[in-house]
Amino acid sequence: MSGVFEVLAEPHRRQILTLLLEHERSVGHLVEALPLSQPSVSKHLRVLREAGLVTTRQQAQQRVYRLQLDALLELDSWLTPFRAQWNSRLDALESHLDATDPPVGRTGQDNPTSPGMRLK
């Protein structure tokens with residue numbers, strides 16, 4: 001799994017994976033979508049392919065790349081406890097905000113008996 005982290009540490013590789021998440025693409029389409037030269041995109045694709053994160057197929061004169069989601073399952077499994085901790089903290093924050101928010105219609109602007117508001 002450390003190899004996947006090393007591969008994903010490079011921002012352009014993450015951009016490539018994001019583009020491939022939408023649909024498979026040729027090298028030419030990736031070059032058009034990225035601020036990189038064709039040799040740089042090909043180098044990143046080779047690294048992604050060697051890590052098992054993308055697959056390739058030949059289509060006429062082009063190589064078409066596709067995201068290999070199964071390769072990310074190990075990473076997802078590793079992240080699961082962190083995601084659970086994050087969700088737990090968000091739930092606690094939501095509970096805290098619910099407990100401290102004034103009920104609707106009871107804010108200083110809505111309540112005519114609050115200080116700063118005069119009754120006519």
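Ring orientation note: the planes of His44 and His12 are tilted relative to one another, at an angle of 30° to 60°.
Linking Ile, Leu, Val, Met, Phe, Trp and Tyr whenever their side-chain heavy atoms come within less than 4.5 Å leaves Val64 and Val47 in two separate clusters. The cluster map of Ile, Leu, Val, Met, Phe, Trp and Tyr, joined by side-chain heavy atoms under 4.5 Å apart, puts Val7 and Leu79 in the same cluster. Cluster membership check: Leu72 shares its hydrophobic cluster with Leu21, using side-chain heavy-atom separations under 4.5 Å among Ile, Leu, Val, Met, Phe, Trp and Tyr. Leu67 and Leu73 end up in different hydrophobic clusters when Ile, Leu, Val, Met, Phe, Trp and Tyr side chains are linked at under 4.5 Å.
Summarising the geometry, atom CZ belonging to Arg46 is positioned 13.5 Å from atom OG1 belonging to Thr56; distances are rounded to the nearest 0.5 Å. Between Leu30 atom CG and Ile16 atom CD1 the span is 6.0 Å, to the nearest 0.5 Å. To the nearest 0.5 Å, atom OG1 of residue Thr55 and atom CG of residue Leu48 are 11.5 Å apart. To the nearest 0.5 Å, the span separating CG on Asp70 from CG on Leu53 amounts to 11.0 Å. Considering CD of Gln62 and CZ of Arg57, their distance stands at 9.5 Å, rounded to 0.5 Å. In this structure, the separation between CG on Leu19 and CD on Glu32 is 11.5 Å, given to the nearest 0.5 Å.
Nearest approach of Ala71 to Gly52, heavy atoms of both residues: CB-O, 2.9 Å. Nearest heavy atom pair, residue Ser26 against residue His29, reads OG-ND1, 2.8 Å. What you find for Leu20 and Val54 is that their closest heavy atoms are CD1-CG1, 3.6 Å. Across all non-hydrogen atoms, the minimal contact from Tyr65 to Arg49 is OH-NH1, 3.4 Å.
A donor-acceptor pair under 3.5 Å links the side-chain atoms of Arg14 to the main chain of Leu8, judged by distance alone.
Counted within 6.0 Å of CZ on Arg83, heavy atoms from surrounding residues, nucleotides or ligands total more than 12; the atom is thus considered enclosed. The environment of His23 atom NE2 is dense: over 12 non-hydrogen atoms of other residues, nucleotides or ligands sit within 6.0 angstrom.
The side-chain heavy atoms of Gln58 and Arg63, taken from C-beta on, include a pair separated by under 4.5 Å.
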